[in-house]
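Scroll down for the structure; my scribbles are underneath it.
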Amino acid sequence: MRAIRVHEFGSVDVLRYEEIPLPEPGAGEARVKLEAAGVNYIDIYFRSGQYKGALPFTLGQEGAGVVEAVGPNVAEVKVGNRVAYASVQGSYAECQIAPAWRLVPIPDKVSTQHAAAVMLQGMTAHYLTHSTYPLKPGDVALVHAAAGGVGLLLVQIAKRRGARVIGTVSTKEKAQLARQAGADESILYTQTDFEAEVKRLTNGKGVNVVYDSVGKTTFDKSLNCLRPRGYMVLFGQSSGAVPSLDPQVLNAKGSLFLTRPTLGHYTANRAEMLERANDLFAWIAAGQLDVRIDTTFPLAQAADAHRYMEGRQSKGKVLLIP
Ligand SMILES: NC(=O)c1ccc[n+]([C@@H]2O[C@H](COP(=O)([O-])OP(=O)(O)OC[C@H]3O[C@@H](n4cnc5c(N)ncnc54)[C@H](OP(=O)(O)O)[C@@H]3O)[C@@H](O)[C@H]2O)c1
């Protein structure tokens, strides 16, 4: 089978489209014939070496397709089931072995591409809004990169929870998409001082929570946007890593809470993962969650997909099609 492999860390040039042996599922595992693989910012961290995978490896953490083989002791899925999954390394491929407990059956009303599109970014938006800081009506949330893959879903789900949402974006086109997703206000943080604008929009009070996936360029000002006892939820670093922080800063800025969550800890077992994924599937089936598939690339062109995402061009989901 064919896969996108990383033999050394670096720019998009390190991505190799290679023939590798078709893997056989072991106990508790299944082999999925992929119809779509999700492209996520974490793939860029793994390719560049910001996150160190054991070389060589197949890139990708998200996919959907059809179960074509199961190993011993698999009760969760059967051959022929349509399934989707996240947080299993190696989905930029024609087939992938996954632990069966991580495979979520896709309901009939949800397309395989939509399922592939929401497993990682959608379950992230779910846990951020329901568990890390459970939003309630009346809360004000600041969402950075609001027209990104996570961003467009996070805005919609935050609105479902009754929050007022302020989104930051880099372009007018993205601002429009964030507003269409439900953002009450949008700020062009590449042109406007978002800290001053958030203070103005909240009459100086600040927000209850900042969902910050941009990191280096937004972190300090994000802390200043919070009201006392507010929650700083740093969940990514698309602009670069945030330097070390003196905990005293949290005191000085208003007894703030700081957390750096990751999806794996919020889909720690099958029940928790199914609850989040099935909520997303139900909202999609009911027409209540708009999953914006921005663009698809053939699997062999994974490098173009990475250029597109790193170049801040993506607006919603990017998929690779084997
Ligand atoms: N912790 C978790 O569990 C978890 C799970 C999923 C994703 N994440 C994180 O969430 C973030 C979003 O992931 P995603 O896959 O949905 O990607 P994405 O938001 O679709 O793409 C990244 C966005 O970040 C913004 N950005 C700001 N400064 C940037 C810079 N210097 N270079 C590139 N982009 C920059 C851009 O939006 P603008 O052009 O509007 O600025 C860009 O479109 C990533 O940081 C990712 O690591 C974390």
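Remember, it's 1-based here, ligands and their atoms both numbered in the order they're listed.
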Proximal ligand 1 atoms for [X], defined as those under 4.0 Å from one of its heavy atoms:
X: Ser239; answer: 28 (N), 30 (C), 31 (N)
X: Gly149; answer: 16 (O), 18 (P), 19 (O), 20 (O)
X: Lys174; answer: 37 (O), 38 (P), 39 (O), 40 (O), 43 (O)
X: Val214; answer: 27 (C), 28 (N)
X: Arg260; answer: 1 (N)
X: Ser170; answer: 38 (P), 39 (O), 40 (O), 41 (O)
X: Tyr45; answer: 44 (C), 45 (O), 46 (C), 47 (O)
X: Asn40; answer: 15 (O)

Please say whether [X] places an N or O atom under 3.5 Å from an N or O atom belonging to ligand 1.
X: Phe235; value: yes
X: Gly236; value: no
X: Thr168; value: no
X: Leu263; value: yes
X: Thr217; value: no
X: Ser238; value: yes

What part of [X], side chain, backbone, both or neither, has a heavy atom within less than 4.0 angstrom of ligand 1?
X: His144; answer: neither
X: Glu62; answer: neither
X: Leu120; answer: side chain
X: Tyr127; answer: side chain
X: Pro261; answer: backbone
X: Val150; answer: both
X: Gln237; answer: backbone

Review point. Which of these passes salt bridge (Lys or Arg N to Asp or Glu O under 4.0 Å) with Glu68: Lys33, Arg31, Arg82?
Key: Arg31
Measure the acute angle between the ring planes of [X] and [Y], then classify it against the limits of 30° and 60° as parallel, tilted or perpendicular.
X: Tyr231; Y: Tyr133; result: tilted
X: His144; Y: Phe194; result: perpendicular
X: Trp283; Y: His126; result: parallel
X: Phe9; Y: Phe57; result: tilted

Review point. Is the NZ or CZ atom of Arg2 positioned over Tyr17's six-membered ring, under 6.0 angstrom from the centre and within 45° of the axis?
Key: yes
Review point. Quick one: does Asp294's side chain have a donor or acceptor within less than 3.5 Å of a partner on Val318's backbone?
Key: no
Check: [Y] and [X] side chains under 4.5 Å, non-hydrogen atoms:
X: Gln237; Y: Val242; result: no
X: Leu263; Y: Tyr127; result: yes
X: Val249; Y: Leu258; result: no

Exercise for review: Give a yes or no on whether His265 atom NE2 has more than 12 heavy-atom contacts from other residues, nucleotides or ligands under 6.0 Å away.
Suggested key: no
Review point. At what distance, to the nearest 0.5 angstrom, does CG of Leu142 lie from CG of Asn208?
Key: 11.5 Å
**Study point:** Intermediate values then yes/no, side chain to side chain donor-acceptor pair (under 3.5 Å), Ser111 and His114
**Key:** CA-CA 5 Å; Ser111 74; His114 277 144; 3.2 Å; yes
